[in-house]
Amino acid sequence: MSPVLVTGGSGYLGVQLIVTLLRAGRPVRATMRSTAHEADLRAAVRRGGADGTGLECVVADLTADDGWPAAVAGCEEVHHVASPIPFAEPEDPDELIVPARDGTLRVLRAARDAGARRTVLTSSFAAVGYSPKPGSEFTEADWTDPDTPGLAPYPRSKAIAERAAWDLMEHDGGDTELVVVNPTFILGPALTPGLRSSALLVKAMLDGTMSAAPRRRFGVVDVRDVADLHLRAMAAPEAAGKRYLAVADGPALSFLEVAGILRRRLGPLAARVPTTEVPGDDPPRPVIHNDRARTELNWRPRAAETTIVQTAEQLRDAGLLEAAP
Ligand code: NAP
């Protein structure tokens, strides 16, 4: 059986996807920036209850050509997950845009040249719904305009990278297929011990660092459900050439509503979560549709509340809330 390539094998979603594939009996080749991450990935694979003998780790960086042809060689299926997520806004947006865009093109060209059947790319709701539009309903037909005034570097990087991917497929894609998954805010238990970007917000709520809740509303999706959607997007013939929004059922949530769920479900653990919002006007509550993934791919995401509660429980169980003031 040919290995499945997963880029970003050191990341929150990448690790979950690798574990899901290994548990399904698929051999996996994972890319990472440095072999220093391999031991952590193998420990996460054990933690996730998967057998690591089918896992091979190779080194490739989104900013360089080296390693990509060898990484893709012999793989029919490619999951391109890697992309830089900032802990703080970079001074130069190109720190995110260049690796996101050029790395995506490197992976897709290598997949095309190696004769891979299909690449499933992790894009983002940031490439769908970050430009103002009348109404607040979002489907896969919506696009973030990268030139939207005030758009932050990260959503710009995701919008630019996804557009570059579709452009390449249209003009020079050869026989390889592309499917795109567009997750909203990803939460859920992490298999790696460190803190990654999304869980940091839940930690900030629980440890009191977030004293007032920002006035933002966002869709939530579970990391395990995004991994599952990646597999479904890879398997379904009719998915070729399409995007799939990944979001739990139900309304988008505000930070204050997330805090309310934590307080109601976790009692003393949530004693420090914010009880007020920062002053300001209420932004619109986006309505983000997941009908395409549900109907075409039979995808059934967990409830956002389950995901939020299990994220907090995992932070507690991993000892990541102990430094709370
Ligand atoms: P993550 O844990 O930060 O993972 C990002 C991965 O990309 C890491 O493996 C990272 O490697 C790798 N990467 C970054 N720059 C790289 C480079 N120059 N060369 C090679 N690899 C590089 O974040 P995540 O949440 O798992 O994100 C996975 C994907 O989901 C990304 O495409 C992200 O944009 C997308 N997404 C995330 C969210 C969310 O809420 N987290 C929502 C929507 C979409 P290192 O470990 O070496 O840094």
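Order of appearance sets the numbers: ligands from 1, and atoms from 1 within every ligand.
- No option in Asp142, Val128, Leu121, Val247 other than Val128 meets the side-chain contact (heavy atoms from CB on, under 4.5 Å) test with Asn182.
- For Thr307 and Asp222, the side-chain atoms include at least one donor-acceptor pair closer than 3.5 Å.
- For ligand 1, the protein residues within 4.0 angstrom (heavy atoms only) are Gly8, Ser10, Gly11, Tyr12, Leu13, Arg33, His37, Ala60, Asp61, Leu62, Val81, Ala82, Ser83, Pro84, Ile85, Thr122, Ser123, Ser124, Tyr154, Lys158, Pro183, Thr184, Phe185, Ile186, Arg196, Ser198.
- Glu91 CD: 12 or fewer foreign heavy atoms inside a 6.0 Å radius.
- Counting heavy-atom neighbours within 6.0 Å of Glu38 CD, excluding the residue itself, gives a total above 12.
- In this structure, the side chain of Ser124 does not engage the main chain of Lys158 through any donor-acceptor pair within 3.5 Å.
- Relative to the ring axis of Trp68, Arg109 does not place its NZ or CZ within 45° and under 6.0 Å from the centre.
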